[in-house]
Structures are given as C-alpha cells and as structure tokens.
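Heads up: the structure comes next, in structure tokens.
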Amino acid sequence: MPARNAREVVLSLGGSVFLTGEQDVEYLRALSAMLREVAESQPLAVVVGGGRTAREYIRLGRALGLAERELDELGIDVTRLHARLLAGLLAPACPPAPLLTVREAAEEAARWPLLVLGGTEPGHSTDAVAAQLAERLHAERLVNATRAGGIFDRDPAKDPEAKRLRSLPFEQFRSLVEAGTDGRAGQEAIFDRVGVERLAHARIPLAVVDGRDLGELKNALLGRVFQGSLVIPPSDA
Ligand code: UTP
C-alpha cells in the first residue's frame with residue numbers, strides 16, 4: 001500500500017490510446033502491470049476515454065437525429081465499458097466495477113491504491129472528469145495519456161512543421177485548447193474546455209505523454225523527467 005499521506009496522481013487515459021486495434025492485448029497487459037507497480041508507492045485514479053468506439057456510436061446517433069445530450073450518454077456508456085475492462089485487469093487493487101461519479105471516486109480514494117472510472121454526466125469529456133477528480137483530491141498532478149504524445153504549437157495533423165512544446169504556461173495551453181474545440185460530443189481535442197478551467201482553478205500541473213510508451217507514461221506518473229509536454233499551473237507560470 002502507498003504511504004497514507006501520499007497525494008493522488010490522476011491519469012486521463014484517452015480511449016484512442018486504450019484501444020488502437022494493434023497489439024491491444026499485449027498493451028493492456030503491460031499497462032495494467034505498470035499501473036499496479038506504480039500504485040505500490042503512488043495512489044492512482046485512472047479515468048478511461050471512449051476513443052474511436054465512442055465516436056462511432058456518436059456519429060451513428062447524430063445521423064439518426066439523437067439530441068446532443070443523448071449522444072453524450074452514448075459516449076459515457078462506451079467510456080464505462082472501457083473502464084470495466086481495465087477494472088477487471090487491475091482488480092483486486094481497485095473496486096471491481098468502474099465508479100460512476102467524481103464524488104464516489106473521491107470517497108473511495110482512501111481505501112484503494114487504484115481507482116478506475118469512465119465518464120460521469122453529459123457536457124464534457126473524460127479529461128474534464130479527470131480534472132474534476134484531481135481538483136477534488138488535491139492531486140499532485142494530472143497525466144494525460146494521448147496518441148499525439150504532447151502539446152504542439154500548431155495542429156500536427158494539419159502541419160508537418162508543428163513543434164512539440166516541452167513546457168508551456170497555462171495561458172498558452174488554454175488558448176491552444178480554445179482554438180481547437182467548440183464543445184460538441186465526440187470531438188478530438190488536446191484537452192477538454194471544462195477540464196481546463198478546473199485545472200486552472202486548482203493550480204494542478206498537467207503532463208501530456210504518449211500513452212502507448214509505457215516507460216514515458218510511468219516517468220510522468222511518478223513525476224520524473226519525461227518525453228512530452230508539461231503545462232505549468234497559473235501560480236508558477
Ligand atoms: P471521451 O472522453 O472519450 O472523449 O468521451 P474524447 O475527447 O473523444 O477522448 P478520447 O478520444 O477517448 O481521448 C467520449 C464522448 O462521451 C461523452 C462526450 O460526448 C465525449 O465526447 N462524455 C464522456 C460525456 O458526455 N461525459 C463524460 O463525463 C465523458
């Protein structure tokens with residue numbers, strides 16, 4: 001068990017990292033072994049995203065005329081499906097089923113070295129859930145495991161000249177997020193707008209790392225030097 005006074009680290013594990021369609025069994029086995037090892041010294045809360053599967057259902061629901069709120073609920077169900085798979089792999093170090101709310105997760109945190117949850121309610125993505133939980137737990141840091149492996153000065157999907165920012169002040173991060181999203185269901189973005197405001201308020205550092213590189217993900221979780229991007233919270237910027 002981690003030391004009783006150790007502050008939690010929250011991991012937002014993007015759904016597009018969780019399942020890629022390539023070597024998922026090997027990845028999920030190695031990921032869960034690494035998370036269990038880290039959780040021996042550092043309590044962890046993992047929030048799992050819905051990725052491609054969520055976007056597929058949201059696309060289908062939108063084409064069929066479902067309301068935005070119903071599309072969000074579809075996305076939430078997929079994130080919880082992923083969270084259930086991870087909880088199954090991490091048990092008995094975490095509760096056997098994913099937790100459903102930030103409040104429930106915060107209440108359970110003292111009892112388990114690991115917690116797993118998916119989405120909670122409509123209106124935001126799992127990044128926001130992770131930020132809300134980090135704020136609630138006064139977490140040491142939030143780690144965002146993405147495919148892109150960092151934050152870039154321009155959209156790397158559109159511009160091959162885009163450069164990864166090793167560290168950036170919070171205001172620059174906020175501008176990049178605002179330039180890239182409008183808040184609709186199923187959008188791919190650097191981070192969630194709701195989550196940005198929670199992090200700003202709580203002054204929690206955000207590390208963005210390639211979630212498929214387990215060595216670097218472990219470094220980021222443990223607060224070591226890592227390959228990726230570090231967002232410096234407002235008070236330290
Ligand atoms: P994700 O958190 O997976 O969104 O939630 P994402 O931005 O596509 O992230 P990746 O690709 O997994 O990294 C999928 C969708 O589920 C709904 C939203 O519509 C979101 O876009 N959702 C999720 C909610 O409404 N509330 C939640 O708490 C979580």
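First listed ligand is number 1; within each ligand, the first listed atom is number 1. Heavy-atom basis, side chains included; hydrogens, waters and symmetry copies ignored.
- The closest approach between a heavy atom of Arg55 and any atom of ligand 1 is below 4.0 Å.
- Each salt bridge (Lys or Arg N to Asp or Glu O under 4.0 Å) pair with one or both residues in residues 218-228, not counting sequence neighbours, appears once here: Glu37-Lys218.
- With respect to the salt-bridge test (charged N to carboxylate O, under 4.0 angstrom), the residues Arg59 and Glu56 qualify.
- Residue Glu121 approaches ligand 1 through these ligand atoms, each under 4.0 Å from one of its heavy atoms: 24 (C), 25 (O), 26 (N), 27 (C), 28 (O).
- Nearest to atom 15 (C) of ligand 1 by heavy-atom distance, out of Ile58, Thr146, Asp77, is Ile58.
- Under a 4.0 Å criterion applied to the non-hydrogen atoms of Gly119, ligand 1 contributes the atoms 27 (C), 28 (O), 29 (C).
- When heavy-atom distances to ligand 1 are checked against a 4.0 Å cut-off, Val129 comes that close only through its side chain, counted from C-beta outward.
- Counting atoms of ligand 1 from 1 in the listed order, those under 4.0 Å from a heavy atom of Thr120 are 27 (C), 28 (O).
- Remark: ligand 1 atoms within the under-4.0 Å shell around heavy atoms of Pro122 are 25 (O).
- Remark: among candidates Leu13, Asp72, Thr53, Val102, the nearest residue to atom 19 (O) of ligand 1 is Asp72, based on non-hydrogen atoms.
- The ligand atoms of ligand 1 that sit less than 4.0 angstrom from a heavy atom of Gly49 are 3 (O), 12 (O).
- Residue Thr120 holds its OG1 atom at 5.5 Å from CD of Gln132, rounded to the nearest 0.5 Å.
- Using a 4.5 Å cut-off between side-chain heavy atoms of Ile, Leu, Val, Met, Phe, Trp and Tyr, with links allowed through other members, Leu81 and Leu89 fall into different hydrophobic clusters.
- Two residues are said to be in side-chain contact when any heavy atoms from C-beta on lie closer than 4.5 Å; Leu168 and Leu176 meet this criterion.
- A salt bridge is defined here as a Lys NZ or Arg NE, NH1 or NH2 lying under 4.0 Å from an Asp or Glu carboxylate O, and Arg103 with Glu107 meets this definition.
- Contact annotation: the side chain of Val209 approaches that of Val143 to within less than 4.5 Å [non-hydrogen atoms, C-beta and beyond].
- Each of the atoms 25 (O) of ligand 1 lies under 4.0 Å from some heavy atom of Gly123.
- Atoms of ligand 1 lying under 4.0 Å from at least one heavy atom of Gly15, given by number and element, are 10 (P), 12 (O), 13 (O).
- Here the side chain of Arg147 pairs no donor or acceptor atom with the backbone of Arg212 at under 3.5 angstrom.
- Residue Gly14 approaches ligand 1 through these ligand atoms, each under 4.0 Å from one of its heavy atoms: 12 (O), 13 (O).
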